[in-house]
There are 2 protein chains.
Amino acid sequence: MARETLVDSRQEILRTAARLFQQRGYDATSMNDVAAALKLSKGGLYHHFQSKDEILFEIMDHAMEITQERVINPVRDIADAEERLRALIRLHIEVVLSPRDREITVMLHENHPLPPALRKRINSRKKEYVHFLENLMAEAQKVRHPHSTKGKVSPRAAAFALLGMLNWIYQWYKPEGDLQAQNLIPQFTEIIFGGIFA
Amino acid sequence: MARETLVDSRQEILRTAARLFQQRGYDATSMNDVAAALKLSKGGLYHHFQSKDEILFEIMDHAMEITQERVINPVRDIADAEERLRALIRLHIEVVLSPRDREITVMLHENHPLPPALRKRINSRKKEYVHFLENLMAEAQKVRHPHSTKGKVSPRAAAFALLGMLNWIYQWYKPEGDLQAQNLIPQFTEIIFGGIFA
DNA sequence: CTAAGTACCGACCGACCGGTCGGTTTTTCG
DNA sequence: CGAAAAACCGACCGGTCGGTCGGTACTTAG
């Protein structure tokens, strides 16, 4: 069917574009570069997408979709709050480090380029994730300290601290380094649950 | 003296450029924009700097200078490792949040644009900072646990975790928000020293 | 005053960018 | 087969970018 090949083409373009955007940056990657990498002319590329902005938006939107399906949804129904948090840390790291999901890195890094209307849609989805994490933090703290109405660390600060730890990984991670996913996940989990002396 | 006004001009240009780069992004800011903000023509601007790359490099280099002088140097001679780490966290946050030091944010965000030779010089200074922090982490862990040869959290993972927490702040921080420097510093310190349940 | 050097202007350049469009090939389907 | 639709090409456009350059105003020192 024509419909399916069209969708496939779009997704293949998005994957290639995401790869290039991640490697060279959004601004430094021209539509010609994207087209050439797909063995397409620029005109052919514009048959599938209206603008470069549209491609970036679709990449970021897809990144949020991935986050929803590979992190939030699998975690949602875990009853114990601490286990839920543990699972979220693990899944979030796995998504960030997955070479297949370069969209995440692009979304994390490219803030400016999107026109305001599209950027707001992405930002609102990001905020949803922050709130989800914030509630999870509050719940986990409640389980650990059921009596104290308020700990020293607010759920919001904890959420941003964790997001920073996780979303910064792409800045320093090298697959050939000695600090890989298998070491990283338990260590970052330990830090969140008990600090660097745990 | 002519020499001093020249230096002043360069620094004023760098400050203005840093502000614009931070607000609109490096690629989205043209040399015309920078010149106009300084009430200069583009030709006049090129009298002081050879290229846009040179400006970005100087901004980033200055950012590393600031880190050296406002974080590393004040911390260096603190005898107690834990106190040294506490001070580093506080100073690093203060630098990242200081509206005067926009260079830091530019340096944190703009990775791609610099030509390889200049980028390597910045990266090596960044690595120095990571190593400094890594050693500090190892020392602090040693003080806390003098007997165990190795804790669950490696100094390297701890260093990257902390850097992530701190360097990600610029992505979400709003001066008008309820989470400001005065709340942030003790909370992030608590998380590093004892996790989110501390 | 004068001459040299600094600071600066503004017109200009070639390159490249995102995007367009008329036409051609390829695929799909009755 | 044949026609419609989808995919694709490549030349082209207006605009902007980083950067240049010849000339001018201003400052400074002798």
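Reminder, nothing fancy here: chain letters follow the sequence lines and each chain counts from 1.
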Checklist outcome for this item: Applied to residues 180-198 of chain A, the salt bridge (charged side-chain N to carboxylate O under 4.0 Å, His left out) test, sequence neighbours excluded, yields A/Glu190-B/Lys152
Checklist entry - Just checking, A/Arg119 and A/Phe57: is the charged tip under 6.0 Å from the six-membered ring centre and within 45° of the axis? => result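 No, cation not above the ring by the 6.0 Å, 45° rule.
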Checklist entry - Who pairs with A/Glu83 by side chain to side chain donor-acceptor pair (under 3.5 Å), at least two apart in sequence or on another chain? => result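 Per chain and number, A/Glu83 pairs via side chain to side chain donor-acceptor pair (under 3.5 Å) with no residue.
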Item to check | Degree of bending, the helix from C/dC1-D/dG30 to C/dG30-D/dC1 (end axes from five pairs; round to 10°) | outcome: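 Nearest ten degrees gives 10° for this helix.
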Checklist entry - With sequence neighbours left out, what residues match B/Arg144 under salt bridge (Lys or Arg N to Asp or Glu O under 4.0 Å)? => result B/Glu82
Item to check | Listed once per pair and sorted, the side chain to side chain donor-acceptor pair (under 3.5 Å) pairs that draw on residues 103-112 of chain A, sequence neighbours left out | outcome: A/His62-A/Glu103, A/His109-A/Tyr170, A/Asn111-B/Gln171
Next on the checklist: Going by the rule ring-ring contact (aromatic ring centres under 6.0 Å, His included), which residues pair with B/Tyr173 if we only count those two or more places apart in sequence or in a different chain?
Outcome noted: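 In terms of ring-ring contact (aromatic ring centres under 6.0 Å, His included), with neighbours along the sequence ignored, B/Tyr173 is linked to no residue.
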Checklist entry - Taking atom C1' of D/dA6 as reference, at what distance in whole Å does atom CZ of A/Arg10 sit? => result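 Value for this atom pair: 14 Å.
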Checklist outcome for this item: Contact string for nucleotides 9-24 of chain D, one letter per nucleotide 5' to 3', B = base within protein heavy-atom range under 4.0 Å, S = sugar-phosphate only, - = neither, reads BB------SBBBB---
Checklist entry - Would one find a side-chain N or O of A/His47 under 4.0 angstrom from OP1 or OP2 of D/dA7? => result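 Yes.
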Next on the checklist: Please enumerate all residues that pass side chain to side chain contact (heavy atoms under 4.5 Å, CB included) together with A/Met64, with sequence neighbours excluded.
Outcome noted: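 Applying side chain to side chain contact (heavy atoms under 4.5 Å, CB included) to A/Met64 gives A/Met107, A/Arg125, A/Lys126.
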Checklist entry - What residue pairs, at least two apart or across chains, pass ring-ring contact (aromatic ring centres under 6.0 Å, His included) with a residue in residues 9-40 of chain A? => result A/Phe21-A/Tyr26
